[in-house]
Amino acid sequence: MSRMHVVAAFLAISTAQAAAAQVFVAEPSARPARGLWSLDLGLHVAQPVHEFGTQVDQAWGFGASVRHHFRWFSPLGLRGDFSFLNYGNERKRVPLSSTVNRVLVDMNTNNNIIVASAGPELALLRGPIRPYVYWFAGYSYFFTESTAGDDDGGSSFARTTNFHDGGLATGGGGGMRIPLKTRSTEISIDAGARFTNNGLRTYLTRGDIVDLPDGSLQFTPRQTVADFWQYHLGISFSRRR
């Protein structure tokens with residue numbers, strides 16, 4: 001029900017904005033003379049829900065979107081989204097090997113999520129506040145990766161994926177853009193939220209890998225429905241072509 005309420009709220013905002021745009025006009029026409037291409041960049045935070053929320057507190061990361069709104073019906077567009085989220089880190093100082101035990105390195109273990117998706121968007125392209133809603137389908141990839149690097153914070157020289165799982169991701173979201181500059185390239189502040197349905201996933205969290213005395217690893221994977229809300233704040237660049 002919460003997702004339905006969010007979508008309904010954005011649709012209500014869109015309807016109200018359409019009426020307000022008759023008075024507050026930021027562009028001479030709601031329909032661009034050419035197709036509109038846009039690039040969105042932003043910081044993201046994800047809030048796990050239900051079972052996933054009992055295992056993971058929050059995730060932080062970044063994301064990017066590429067959008068195209070059509071010349072023949074400007075409110076309708078297609079978008080592709082990519083986001084990278086980190087939901088836990090573990091750092092240890094360990095010997096380089098069992099024989100080179102006087103050389104210590106930093107071993108970092110990161111728990112991450114990548115989501116790549118695409119789908120339609122409906123948006124208002126005029127006015128001082130421009131709400132939008134969209135739906136998507138794609139792929140989400142949960143993985144735990146360990147790296148080894150030097151003690152000065154330099155780049156890693158060894159890397160391995162310890163555990164991974166992935167599958168279909170679907171959902172919807174919305175937000176609003178506030179234009180700051182209208183020239184050949186338009187710049188806008190972009191803020192919004194989306195809900196991602198990942199279904200059942202198997203993943204690791206901090207402390208789920210144990211180093212055994214014989215050098216082997218012991219994994220304690222968790223399996224839950226791994227849905228989450230994802231919020232973003234960023235900047236959007238648009239240009240007609």
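Hydrogens, waters and symmetry mates are skipped; everything else that's a heavy atom, side chains included, is used. As the structure is a prediction and not an experimental result, all values here were calculated from the model.
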I need the His44 NE2 to Phe62 CZ distance, nearest 0.5 Å.
9.5 Å
Should we count CG of Asp211 as having more than 12 external heavy atoms under 6.0 Å?
yes
Arg177 vs Ser238, test: side-chain hydrogen bond (donor to acceptor under 3.5 Å, both in side chains). Steps then yes/no.
CA-CA 11 Å; Arg177 302 181 184 105; Ser238 299; over 6 Å; no
Using the rule that Ile, Leu, Val, Met, Phe, Trp and Tyr join whenever any side-chain heavy atoms are under 4.5 Å apart, tell me whether Phe142 and Leu200 fall into a single cluster.
no
Hey, are the side chains of Val225 and Asn198 touching, using non-hydrogen atoms and a 4.5 Å cut-off?
no
For the pair Tyr141 and Phe143, name the ring-plane relationship: parallel under 30°, tilted 30 to 60°, perpendicular over 60°.
parallel
What closest approach, in Å, do Pro221 and Thr202 show between heavy atoms, and which atom pair accounts for it?
CB-CG2, 3.7 Å
Can you tell if the side chain of Val210 reaches within under 4.5 Å of the side chain of Thr220, non-hydrogen atoms only?
no
Hey, is Arg130 close enough to Glu186 for a salt bridge, meaning N to O under 4.0 Å?
yes
Smallest heavy-atom separation, Pro179 atom then Ser188 atom, equals CA-OG, 3.4 Å
Output, in order, the C-alpha distance, side-chain angles, deciding distance and verdict of side chain to side chain contact (heavy atoms under 4.5 Å, CB included) for Asp81 and Arg194.
CA-CA 11 Å; Asp81 293 271; Arg194 60 186 254 168; 3.7 Å; yes
Phe52/His50 aromatic ring centres below 6.0 Å:
no
Between Ile189 and Leu233, is any pair of side-chain heavy atoms under 4.5 Å apart?
yes
Do the side chain of His69 and the main chain of Ser74 share a donor and acceptor less than 3.5 angstrom apart?
yes
With hydrophobic residues grouped by side-chain heavy-atom distances under 4.5 Å, do Leu204 and Ile113 end up in a single group?
no
For Leu85 and Ala59 the tightest heavy-atom approach is CB-CB, 4.0 Å
Within one Ile-Leu-Val-Met-Phe-Trp-Tyr cluster: Leu122 and Phe70, side-chain cutoff 4.5 Å
yes
I'd like to know if the side chain of Asn112 and the backbone of Tyr87 have a donor-acceptor N/O pair within less than 3.5 Å.
no
Answer whether the closest heavy-atom distance between the side chains of Gln223 and Arg201 falls below 4.5 Å.
no
Between His164 and Glu145, is there a side-chain heavy-atom distance shorter than 4.5 Å?
no
Trace of the side chain to side chain contact (heavy atoms under 4.5 Å, CB included) decision for Trp135 with Thr170:
CA-CA 8 Å; Trp135 300 264; Thr170 62; over 6 Å; no
Which heavy atom of Pro120 sits nearest to which heavy atom of Leu78, and what is that distance?
CA-CD2, 4.1 Å
Atom OH of Tyr134 and atom OG of Ser65: how far apart are they, to the nearest 0.5 Å?
6.5 Å
Using every non-hydrogen atom in the two residues, find where Tyr132 and Ala123 come nearest and quote the distance to one decimal.
CB-CB, 3.5 Å
According to a hydrophobic-cluster definition based on side-chain heavy atoms being under 4.5 Å apart (Ile, Leu, Val, Met, Phe, Trp, Tyr only), do Val105 and Met107 belong together?
yes
How many angstroms lie between atom CG of Leu180 and atom CD1 of Ile187, to the nearest 0.5 angstrom?
7.0 Å
Quick one: which of Thr144, Thr224, Asp165 gives a side chain to side chain donor-acceptor pair (under 3.5 Å) with Tyr203?
Thr224
Interatomic distance, CG@Asp227 vs OG1@Thr196, rounded to 0.5 Å, equals 8.0 Å
With side chains defined as the heavy atoms from C-beta onward, is the minimum distance between Ser83 and His232 less than 4.5 Å?
no
Do you know the tightest heavy-atom contact between Asn162 and Ser146?
OD1-OG, 2.7 Å
Quick one: are His68 and Trp37 in side-chain contact, heavy atoms under 4.5 Å?
yes
Atom CZ of Phe237 and atom OG of Ser38: how far apart are they, to the nearest 0.5 Å?
11.0 Å
Test Phe163 against Leu217 for side chain to side chain contact (heavy atoms under 4.5 Å, CB included), laying out the working first.
CA-CA 11 Å; Phe163 197 89; Leu217 300 176; over 6 Å; no
The reported gap from CD in Glu90 to CG in Asn110 (rounded to nearest 0.5 angstrom) is 10.0 Å
Do Tyr231 and Phe195 sit in the same hydrophobic cluster, where Ile, Leu, Val, Met, Phe, Trp and Tyr count as joined when their side-chain heavy atoms come under 4.5 Å apart?
yes
